[in-house]
> 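My questions will all concern the structure given below.
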There are 2 protein chains.
Amino acid sequence: MYKQSERSSAAVLADHTDACPNQASPSHTSSTGHVACSSCNLREMCLPTGLSREDLGKVEAVVNQRRRIARGQALYRSGDDFNAIYAIRYGFFKAQVASPDGREQVTGFLMAGELLGMDGIGTERHTVDAVALEDSEVCVMPFSQLETLSREVNGLQRQLHRVMSREIVRENGVMMLLGTMRAEERLAAFLINLTQRLKARGFSSTELVLRMTREEIGSYLGLKLETVSRTFSRFQDEGLIEVKQRHVKILDADGLRSLFSSEAATAH
Amino acid sequence: MYKQSERSSAAVLADHTDACPNQASPSHTSSTGHVACSSCNLREMCLPTGLSREDLGKVEAVVNQRRRIARGQALYRSGDDFNAIYAIRYGFFKAQVASPDGREQVTGFLMAGELLGMDGIGTERHTVDAVALEDSEVCVMPFSQLETLSREVNGLQRQLHRVMSREIVRENGVMMLLGTMRAEERLAAFLINLTQRLKARGFSSTELVLRMTREEIGSYLGLKLETVSRTFSRFQDEGLIEVKQRHVKILDADGLRSLFSSEAATAH
DNA sequence: CGCAGAGTTGAGGCGCTTCAAGAGCGGTGG
DNA sequence: CCACCGCTCTTGAAGCGCCTCAACTCTGCG
């Protein structure tokens with residue numbers, strides 16, 4: 001039914017069947033089995049997009065390790081040394097920053113095929129926390145090797161620049177959301193964005209299971225959890241969506257879209 | 001008195017003495033005189049930070065053009081083809097995004113030594129407008145040449161990655177500001193940030209001339225111009241600053257800082 | 001001198017937050 | 001198996017912070 005949840009709920013189950021008894025620290029397990037980008041179905045939305053078969057082989061030589069992160073565990077934390085960037089193989093993460101006085105802001109939610117860790121390049125230290133919201137696995141790409149290789153493989157260099165630029169542009173969009181939109185618009189934009197990304201990964205674009213709490217959604221959108229909850233309820237009353245806890249069914253995607261694009265006249 | 005304003009006001013004057021009569025389109029003038037990074041006093045806060053003399057020479061070969069932008073003109077606009085990134089030689093810019101329905105959000109203010117244009121790398125099209133807030137000049141760095149050169153000059157590659165990563169981190173900070181801070185905190189953080197950057201450029205860290213309107217500040221901070229104005233007035237009443245139009249004197253920098261860092265208990 | 005753009009200030013209202021109570025759900029242990 | 005606990009989510013009521021609308025001042029410029 002929820003196509004998205006199949007593997008995910010299985011992963012959650014896996015959490016409690018083998019995470020506890022088998023391993024002391026499941027979050028730091030690294031399965032060093034060789035990684036084959038060429039046989040990864042996320043290839044085309046991950047870092048090696050558009051590389052030739054030959055170049056792909058060179059990249060595979062750099063992506064020599066995977067790492068599993070149990071739900072609730074951090075892949076890295078603000079202040080950690082920066083060594084690598086990470087591609088999500090499966091699972092779901094949040095990225096968040098903390099201010100000196102303890103406030104936290106979720107800066108992004110990341111899913112399979114997306115990259116984590118670019119915040120650390122500038123200072124050799126990570127500046128955000130990357131926390132798994134479900135049991136996840138990432139490919140570890142040591143950055144110094146990536147830099148070396150991208151001098152030789154033009155397509156990789158190009159792709160690395162693209163990915164970083166797109167992250168800048170994505171954040172511009174979030175700034176616009178936070179700076180100019182009302183609660184209703186923010187949440188509608190959030191839902192549409194999520195469903196689009198899920199659709200690109202072959203999941204349903206009308207049914208999804210939220211991997212984060214209302215509070216985390218609120219943090220991302222600059223709202224309090226009660227406002228998120230109320231707005232969900234209002235969307236449901238208006239027939240735009242159907243919400244049952246974290247299960248959301250989109251009933252009127254265009255209606256949602258019209259809440260934040262074009263129809264600016266909604267504001268009175 | 002206002003060290004910062006010396007050259008700037010001179011530039012503004014230049015605007016009205018030669019922009020109108022002498023040139024049809026001052027914003028597109030490119031003075032192709034050779035550019036010498038090695039003799040540029042912004043060298044150490046610009047792209048070629050930390051390069052050897054030899055490598056610097058190679059970079060200079062790529063930075064072969066300057067461009068002047070008159071106040072109010074755009075260096076580039078959203079939708080324009082992406083060709084180059086730009087280093088500001090002097091002047092002041094705002095970067096802003098527009099949503100389909102016409103809302104605008106200022107995503108940054110940029111000063112000498114800072115880089116513009118990285119928003120365009122990902123899609124080969126710019127996604128933001130870069131508008132000069134005073135008469136300005138930039139060094140044009142064709143990106144394809146920069147990519148080619150950065151394969152050869154490791155320091156340049158490294159620096160390019162650093163700069164992009166730092167932009168991501170900066171935007172994370174703005175997201176935190178927009179998502180969690182109150183008007184007072186936002187404006188205090190804004191002022192402290194500006195003065196720090198001015199100080200790094202050798203200007204006074206206590207007296208500054210704002211190059212942007214209240215509305216532009218408000219757009220950046222997710223506030224309305226009236227709120228910006230009122231908050232300035234309140235800061236003045238509290239003896240934190242002295243405001244006279246766009247002239248701002250910082251009287252109590254620590255007081256301002258305490259408004260947004262540590263003292264979270266300010267919220268009641 | 002008058003006009004336009006930018007900034008200030010006041011009054012009132014709305015949207016979101018805050019505070020609070022209760023319901024739903026999953027996990028745990030008797 | 002069911003009672004219980006903790007966490008998440010929902011919903012209501014009241015308050016406050018920022019926005020909206022509006023009038024006025026200030027400054028620079030023709």
Side-chain angles (χ1 to χ4, degrees), chain A residues 5 9 12-13 15-17 19-20 71-72 103 133-134 177-188 209-237 241-248 259 264-268, chain B residues 5 9 12-13 15-17 19-21 71-72 94 103 133-134 177-188 209-237 241-248 259 264-268:
Chain A
S5 64
S9 51
V12 171
L13 286 177
D15 180 13
H16 291 279
T17 46
C20 303
R71 175 160 146 227
R103 278 180 280 197
L133 295 182
E134 61 181 15
L177 179 143
L178 291 170
T180 73
M181 294 186 180
R182 291 176 303 112
E184 205 174 54
E185 303 173 303
R186 295 184 196 192
L187 196 61
V209 179
L210 301 172
R211 299 268 100 101
M212 70 296 277
T213 66
R214 301 290 190 262
E215 187 170 18
E216 286 161 339
I217 297 173
S219 171
Y220 181 60
L221 299 179
L223 301 170
K224 291 295 161 184
L225 69 97
E226 295 95 329
T227 305
V228 173
S229 180
R230 271 186 254 271
T231 308
F232 269 135
S233 299
R234 193 161 356 122
F235 284 174
Q236 182 158 16
D237 294 346
I241 63 175
E242 202 178 290
V243 199
K244 199 176 286 178
Q245 299 292 121
R246 300 201 178 179
H247 293 256
V248 177
L259 283 182
T266 304
H268 50 101
Chain B
S5 63
S9 51
V12 171
L13 285 176
D15 181 13
H16 291 277
T17 48
C20 304
R71 175 161 143 226
K94 66 171 173 179
R103 279 179 280 197
L133 295 182
E134 62 182 15
L177 179 143
L178 291 170
T180 73
M181 294 187 180
R182 290 176 305 111
E184 204 174 54
E185 302 173 303
R186 295 184 197 192
L187 195 62
V209 179
L210 301 172
R211 300 267 98 103
M212 71 296 277
T213 66
R214 301 288 189 263
E215 188 170 17
E216 286 161 339
I217 298 173
S219 172
Y220 181 60
L221 299 179
L223 302 170
K224 291 295 161 183
L225 68 95
E226 295 96 327
T227 305
V228 174
S229 180
R230 271 187 255 271
T231 309
F232 269 135
S233 298
R234 194 163 352 125
F235 284 173
Q236 182 158 18
D237 294 347
I241 63 176
E242 202 178 289
V243 199
K244 199 177 287 179
Q245 300 293 120
R246 300 199 179 180
H247 294 256
V248 177
L259 282 182
T266 304
H268 49 103

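Computed from a prediction, not measured in an experiment: that's the story for all the values here.
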> Find the distance A/Glu185:CD to C/dC14:C1' and express it as a whole number of Å.
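After rounding, the gap between these two atoms is 15 Å.
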
> Nearest-Å distance, CG (A/Leu133) to C1' (D/dC7)?
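In whole Å, D/dC7 C1' lies 16 Å from A/Leu133 CG.
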
> Tell me the closest heavy-atom pair linking A/Leu187 and A/Val228, and the distance in Å.
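Closest approach of A/Leu187 to A/Val228: CD2-O, 4.0 Å.
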
> Select from A/Ala183 and A/Lys244 the residue whose nearest nucleotide in DNA chain C is closer to the 5' end of that strand.
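Upstream on the strand: A/Ala183.
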
> Which distance, rounded to the nearest 0.5 Å, do you find between the CD of A/Glu185 and the OG1 of A/Thr180?
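Spacing of CD (A/Glu185) from OG1 (A/Thr180) equals 7.0 Å.
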
> Among D/dT10, C/dA6, D/dT20, which is the nearest nucleotide to the side chain of B/Lys224?
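Given the options D/dT10, C/dA6, D/dT20, the side chain of B/Lys224 is closest to D/dT20.
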
> Take atom CE of B/Met181 and atom P of C/dT17, then tell me their distance rounded to the nearest Å.
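The distance from CE of B/Met181 to P of C/dT17 comes to 16 Å, rounded to the nearest Å.
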
> Taking atom P of D/dC19 as reference, at what distance in whole Å does atom CG of B/Leu225 sit?
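B/Leu225 atom CG is separated from D/dC19 atom P by 10 Å.
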
> Below 3.5 Å, does any donor atom in the side chain of A/Glu226 face an acceptor in the base of C/dC19, or the other way round?
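By the distance-only test, yes, there is a pair.
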
> Once you apply a heavy-atom cut-off of 4.0 Å, does B/Ser229 come out as touching a base, just sugar-phosphate, or nothing?
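Touches a base.
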
> Hey, is the main chain of A/Thr227 close enough, under 3.5 Å, to the side chain of A/Thr231 for a donor-acceptor pair?
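Judged by distance alone, yes, a pair lies under 3.5 Å.
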
> Round to a whole Å and report the spacing from CZ of A/Arg186 to P of C/dC16.
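From A/Arg186 CZ to C/dC16 P: 8 Å.
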
> What's the CD1-C1' distance between A/Ile241 and D/dT10, to the nearest Å?
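That distance rounds to 14 Å.
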
> For A/Leu223, which contact category applies under a 4.0 Å heavy-atom criterion: base, sugar-phosphate, or nothing?
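Touches sugar-phosphate only.
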
> Indicate yes or no for a side-chain donor-acceptor contact from A/Arg186 to the backbone of A/Met181 under 3.5 Å, with no hydrogens or angles considered.
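Between the backbone of A/Met181 and the side chain of A/Arg186 there is a qualifying donor-acceptor contact (under 3.5 Å).
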
> Pairs in or reaching into residues 217-230 of chain B: which pass salt bridge (charged side-chain N to carboxylate O under 4.0 Å, His left out), with residues at least two apart or in two chains?
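Not a single pair qualifies under salt bridge (charged side-chain N to carboxylate O under 4.0 Å, His left out).
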
> Rounded to the nearest Å, what distance is computed from the CZ atom of residue A/Phe232 to the C1' atom of nucleotide D/dT11?
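From A/Phe232 CZ to D/dT11 C1': 16 Å.
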
> Please say whether more than 12 non-hydrogen atoms of neighbouring residues, nucleotides or ligands are located less than 6.0 Å from CD in B/Glu215.
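No, not enclosed.
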
> Just how far, in rounded Å, is C1' of C/dG10 from CZ of B/Arg234?
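Interatomic distance, CZ of B/Arg234 to C1' of C/dG10: 14 Å.
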
> Do the side chains of B/Glu134 and B/Arg71 get close enough for a salt bridge, i.e. N-O under 4.0 angstrom?
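Answer for the salt bridge query: no.
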
> Counting the atoms with a prime plus P, OP1 and OP2 as sugar-phosphate, which does B/Gly218 contact under 4.0 Å by heavy atoms, base, sugar-phosphate, or nothing?
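No contact.
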
> Side chain of B/Arg214, base of C/dT9: donor and acceptor closer than 3.5 Å?
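Counting by modelled atom types and ignoring angles, no donor-acceptor contact under 3.5 Å is found here.
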
> Considering every strand and a 4.0 Å limit on heavy-atom distances, what is the contact class for B/Ser233: base, sugar-phosphate, or nothing?
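B/Ser233: backbone/sugar contact only, no base atoms under 4.0 Å.
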
> If we fit an axis to the first five pairs and another to the last five of the helix from C/dC1-D/dG30 to C/dG30-D/dC1, what angle do they make, to the nearest 10°?
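The helix from C/dC1-D/dG30 to C/dG30-D/dC1 shows an end-to-end axis angle of 30°.
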
> Has the side chain of B/Ser229 got a donor or acceptor atom that lies under 3.5 Å from a matching backbone atom of B/Leu225?
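Pair absent, no side-chain N/O of B/Ser229 close to backbone of B/Leu225.
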
> Assign each of A/Gln245 and A/Arg230 to its nearest nucleotide of DNA chain D by heavy atoms, then name whichever residue's nucleotide is nearer the 5' end.
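Result: A/Gln245.
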
> So, is A/Arg246 near the phosphate of D/dC9, with a side-chain N or O under 4.0 Å from OP1 or OP2?
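Checking A/Arg246 against D/dC9: at least one side-chain N or O falls below 4.0 Å of OP1 or OP2.
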
> Kindly say if B/Thr227 contacts the phosphate of D/dC18, meaning a side-chain N or O under 4.0 Å from OP1 or OP2.
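Indeed not, no polar side-chain atom of B/Thr227 lies that close.
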
